[in-house]
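Letters A, B, ... mirror the listed sequences (proteins, then strands); counts begin at 1. The analysis underlying the following values was restricted to heavy atoms, covering all of them including side chains, and did not include hydrogens, waters or symmetry mates. Just so it is clear, the model here is predicted, and its values are computed rather than measured.
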Amino acid sequence: MRLSRYFLPVLKEDPAEAEIISHRLMLRAGMIQQLSAGIYNWLPLGWAVLRKVEQIVREEMDRSGAIEILMPTIQPADLWIESGRYNAYGPEMLRIRDRHERAMLYGPTNEENVTDIFRRHVQSYRQLPLNLYHIQWKFRDEVRPRFGVMRGREFLMKDAYSFDLDYEGARRAYDNMFVAYLRTFRRMGLTAIPMQAESGPIGGNMSHEFQILASTGESAVYYDAAFEDIDLAADEVDMERLKSLYAAADEKHDPDACPVPAERLRAGRGIEVGHIFYFGTKYSEPMRATVAGPDGESVPVEMGSYGIGVSRLVGALIEANHDARGIVWPDAVAPFRVGIVNLRHDEPACTRLADDLYGRLRRAGVDVLLDDRDERAGAKFATMELIGLPWQVTIGPRGARAGMIELKRRRDGDMAELGLDAAVERILA
RNA sequence: CGGGGCGUAGCUCAGCCUGGUAGAGCGCCAGCUUUGGGAGCUGGAUGCCGCGUGUUCAAAUCACGCCGCCCCGACCA
């Protein structure tokens with residue numbers, strides 16, 4: 001992409017409305033724009049990141065054996081009356097009426113909807129286990145939306161739903177998601193700490209929330225250092241060990257009673273980005289989602305649900321990856337892998353070199369942003385630092401005559417003066 | 001939902017107390033100069049001063065009502 005033809009409305013000053021760092025940086029980097037309280041437009045740069053995050057979530061869900069579907073944002077109230085949640089959910093649910101005065105709602109979650117899909121198509125235990133997920137916009141009418149996309153009213157969520165014949169099966173499904181979540185966050189360069197949690201309005205009696213570590217996180221967490229080097233590559237992850245590792249929120253952590261030896265105890269701050277629940281037959285019973293077991297008897301299915309706040313993750317990623325000059329994207333989610341700054345677009349030697357590198361990287365399948373604007377060096381550097389692409393290439397008259405460019409890593413500022421071949425090679429490595 | 005605050009140019013904000021022709025910086029447009037860390041000079045465009053009602057000869061400014069947004073607390077992917 002050529003920046004002169006892109007849509008990247010960066011702001012020089014912090015907007016007054018933004019308090020936390022990720023919100024300020026997302027607004028300044030032209031990623032999002034607020035439309036209403038807790039409701040945002042995703043501009044090209046933000047949308048690019050959101051899609052990368054979404055894709056990683058999707059790939060890890062697929063890898064876990066879950067199957068993607070897409071349920072609508074708008075649901076009929078009937079299903080919620082059937083499950084008993086229509087009245088239970090409260091004012092967080094946006095209730096609407098269609099032209100025929102039928103009660104509808106903008107889905108805050110999809111247990112009812114997916115249970116309805118299940119019961120209409122699955123009758124036998126032989127079709128189990130089953131895990132259906134989708135990635136769809138949700139709406140929860142929060143009393144106080146804040147912190148940009150971290151706590152919006154409209155947000156993109158991945159929600160998966162598992163169906164099993166019995167508790168043992170449900171337990172395996174739960175553990176399977178547990179590992180998938182750790183893999184998902186690690187792929188984004190984040191350390192996630194799973195913590196036992198209250199199950200809240202979703203219901204059920206087994207629940208973990210996943211907090212990713214960031215110095216600006218909203219809650220203090222204490223955890224066993226072993227979380228930082230769990231082997232997630234193995235096909236069979238040791239669940240017993242994993243679930244026995246210590247992790248506790250501030251209010252539950254008792255330094256005197258803590259089972260972790262001091263040298264292995266870590267303290268950090270966390271942001272909740274995922275939550276998994278086992279809730280058994282809470283929905284399958286009232287909604288009569290049953291299957292025939294091996295003995296021919298009809299039993300309600302055992303269910304669980306598993307959420308990841310995809311849009312929240314974009315904010316959380318920035319909270320965990322920024323410095324004084326701007327965002328520092330992890331490679332896996334960066335909107336572009338490389339940013340090329342052509343300092344002198346009116347200097348043929350510079351422009352030739354910039355265009356050459358741009359073309360070669362694109363042909364190699366690399367997302368690259370070329371700053372070909374008629375701006376001064378300072379403005380271009382400031383923009384590049386702000387949007388935080390992993391690799392920055394600077395092309396100026398000093399090196400261009402000798403065919404040399406400067407390649408800099410955003411994360412640590414490591415800089416090298418290289419020829420084109422060497423630069424391409426290093427970026428592709 | 002309790003408490004606090006803010007709505008004035010695209011952005012950041014001054015002006016309001018004490019009513020009298022709507023301002024600054026940045027940004028934007030044109031020209032000239034400049035060109036390795038958010039340039040300089042000259043000229044220019046840009047506003048239902050959140051909305052409504054009232055008071056007044058006169059309202060961005062005072063009063064009342066409404067709407068929107070932000071922050072702190074209690075709750076959540």
Side-chain angles (χ1 to χ4, degrees), chain A residues 9-20 23-24 27-28 30 33-39 53 57 89-93 107-110 133 135-160 181 184-185 192 197-202 207-212 218-219 270-277 305-316 325-326 341-347 350 371 373-386 392-400 405-406 408 413 415 417:
Chain A
V10 298
L11 303 175
K12 206 161 163 181
E13 291 172 276
D14 281 330
E17 74 217 45
E19 187 64 17
I20 64 165
H23 190 193
R24 287 208 296 262
L27 290 165
R28 285 194 52 209
Q33 185 182 30
Q34 183 173 44
L35 182 62
S36 176
I39 302 180
V53 171
V57 171
Y89 212 93
E92 269 198 5
M93 183 155 72
T109 174
N110 291 67
Y133 79 96
I135 300 171
Q136 176 63 290
W137 293 92
K138 305 294 188 292
F139 194 90
R140 292 183 192 171
D141 202 356
E142 296 275 346
V143 235
R144 181 149 106 82
R146 63 189 123 159
F147 304 150
V149 301
M150 296 274 284
R151 171 104 71 114
R153 292 195 292 171
E154 187 190 55
F155 58 97
L156 187 63
M157 178 163 106
K158 185 285 301 176
D159 38 327
Y181 274 33
T184 302
F185 301 129
E198 308 295 333
S199 45
I202 308 279
S207 174
H208 280 84
E209 58 183 48
F210 290 75
Q211 306 255 355
I212 62 107
E218 44 198 335
S219 48
I271 300 170
E272 185 185 351
V273 290
H275 205 148
I276 62 180
F277 306 87
S305 73
Y306 315 91
I308 290 180
V310 177
S311 47
R312 171 182 283 190
L313 258 173
V314 176
R325 293 188 300 275
V341 172
N342 179 6
L343 286 178
R344 293 288 300 272
H345 74 120
D346 58 340
E347 189 84 39
C350 293
D371 189 347
R373 296 173 304 165
D374 182 15
E375 287 289 339
R376 298 180 59 93
K380 295 187 174 199
F381 289 134
T383 299
M384 274 303 165
E385 304 283 4
L386 176 63
Q392 287 177 13
V393 174
T394 302
I395 297 175
R398 288 207 301 245
I405 58 137
E406 289 158 41
K408 191 175 105 175
M415 219 256 287
E417 200 165 341

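If you check every strand for non-hydrogen atoms under 4.0 Å, A:T383 touches a base. Residue A:V143 is classed as a base contact, given a heavy-atom separation below 4.0 Å to a base. Residue contacts shown for A:E406 include a base, since a base heavy atom lies under 4.0 Å away. A:G152 comes within 4.0 angstrom of a base, heavy atoms only. As judged by a 4.0 angstrom heavy-atom cut-off over every strand, A:A382 is placed among the base-contacting residues. Among the protein residues, A:G274 comes within range of the sugar-phosphate backbone only, with heavy atoms under 4.0 Å from sugar or phosphate atoms but none that close to a base. Contacts of A:R28 with the nucleic acid, taken as non-hydrogen atoms under 4.0 Å apart, include base atoms.
For the P atoms, the distance linking B:rC75 with B:rA63 amounts to 38 Å, nearest Å. Straight-line distance between the C1' atoms of B:rG7 and B:rG52: roughly 16 Å, to the nearest whole Å. Here, B:rA24 and B:rA9 have their P atoms 13 Å apart, quoted to the whole Å. B:rU12 and B:rU55: their C1' atoms are spaced 34 Å apart (whole Å). Comparing B:rC62 with B:rG44, their C1' atoms sit 37 Å apart, to the nearest whole Å. Only the P atoms considered, B:rC1 is 26 Å distant from B:rU8, to the nearest whole Å. Here the separation of B:rG65 from B:rG25, taken at their P atoms, is 38 Å to the nearest Å. Between the C1' atoms of B:rG40 and B:rU21, the separation comes to 33 Å (whole Å).
The base-pairing partner of B:rC17, taking Watson-Crick or G-U wobble contacts with both distances under 3.5 Å, does not exist among the strands shown. If you check B:rG2 for Watson-Crick or wobble pairing at under 3.5 angstrom, you find it paired to B:rC72. Across all strands shown, nothing is found opposite B:rA22 as a Watson-Crick or G-U wobble partner with both distances under 3.5 Å. Nucleotide B:rG7 forms a pair with B:rC67, judged by Watson-Crick or G-U wobble geometry with both contacts under 3.5 Å. Applying the Watson-Crick and G-U wobble criteria (two distances, each under 3.5 Å), B:rG47 pairs with nothing in any strand. Pair check for B:rU42 finds B:rA30; Watson-Crick or G-U wobble, both atom distances under 3.5 Å. B:rU56 is unpaired under the criterion used here, namely a Watson-Crick or G-U wobble arrangement in which both key atom distances are under 3.5 Å.
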Yes or no on side chain to side chain contact (heavy atoms under 4.5 Å, CB included) for A:K138 and A:D159, after CA distance, side-chain angles and deciding distance? CA-CA 10 Å; A:K138 305 294 188 292; A:D159 38 327; 2.9 Å; yes
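Taking the side-chain contact (heavy atoms from CB on, under 4.5 Å) definition, one finds that A:Q34 meets it with A:E17, A:Y40, sequence neighbours left out. Under the side-chain contact (heavy atoms from CB on, under 4.5 Å) criterion, A:E218 pairs with A:I271, not counting sequence neighbours. A:D346 meets the salt bridge (charged side-chain N to carboxylate O under 4.0 Å, His left out) test with A:R344; sequence neighbours excluded. Under the rule for a ring pair (Phe, Tyr, Trp, His ring centres under 6.0 Å), A:F381 has no partner lying at least two apart in sequence or in another chain.
Nearest approach of A:K158 to A:Y306, heavy atoms of both residues: NZ-O, 2.9 Å. The two residues A:Q211 and A:G270 make their nearest non-hydrogen contact at OE1-C, 3.1 Å. Between A:T383 and A:R373, the shortest heavy-atom contact is OG1-NH2, 3.5 Å.
A:R151 places its CZ atom 11 Å from the P atom of B:rG73, with the value rounded to the nearest Å. Rounded to a whole Å, the NZ atom of A:K408 is 12 Å from the C1' atom of B:rG36. The nearest whole Å value for the distance from the CD atom in A:Q136 to the C1' atom in B:rA77 is 14 Å. One interatomic measurement links the two molecules: CG of A:L35 to P of B:rC70, which rounds to 12 Å at whole-angstrom precision. Remark: P of B:rG37 and CG of A:L386 are 18 Å apart, rounded to the nearest angstrom. For A:M415 and B:rG37, the CE to P distance is 13 Å, given to the nearest whole Å. A:E218 places its CD atom 12 Å from the P atom of B:rA74, with the value rounded to the nearest Å. As rounded to whole Å, 13 Å separates atom P of B:rC69 from atom NE2 of A:H23.
Nearest-nucleotide mapping onto RNA chain B: of A:P145 and A:I395, the residue sitting toward the 5' end is A:I395. Of the residues near RNA chain B, A:D14 and A:M157, the one whose nearest nucleotide (by heavy atom distance) lies more toward the 5' end is A:D14.
Atoms NE2 and NE2, from A:H275 and A:H208 in turn, are 9.5 Å apart once rounded to the nearest 0.5 Å.
Note on A:R144: every side-chain N or O is 4.0 Å or more away from OP1 and OP2 of B:rC1. Between A:T109 and B:rA77 there is no side-chain N or O to OP1 or OP2 distance below 4.0 Å. Contact annotation: A:Q34 does not reach the phosphate of B:rG68 (side-chain N/O to OP1 or OP2, under 4.0 Å).
In this structure, A:F155 forms an aromatic stack with the base of B:rA77, since both conditions hold: centre separation below 5.5 Å and plane angle below 30°.
Counting heavy atoms from C-beta on, the side chains of A:Y181 and A:V273 never come closer than 4.5 Å.
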Donor-acceptor pairs under 3.5 angstrom involving side-chain atoms of residues 146-155 of chain A: please list them, not counting sequence neighbours.
from	atom 1	to	atom 2	distance (Å)
A:R151	NH1	A:E142	OE1	3.2
A:R153	NE	A:A37	O	2.8
A:R153	NH1	A:D141	OD1	2.8
A:R153	NH2	A:A37	O	3.2

Per-nt protein contacts along nucleotides 22-35 of chain B (heavy atom under 4.0 Å; B base, S backbone sugar-phosphate only, - none) come out as ---BS-------BB
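In this model, no side-chain donor or acceptor of A:R146 finds a partner on the base of B:rC72 within 3.5 Å.
Of the candidate nucleotides B:rG37, B:rA77, B:rC70, B:rC70 has the atom lying nearest to any side-chain atom of A:E17.
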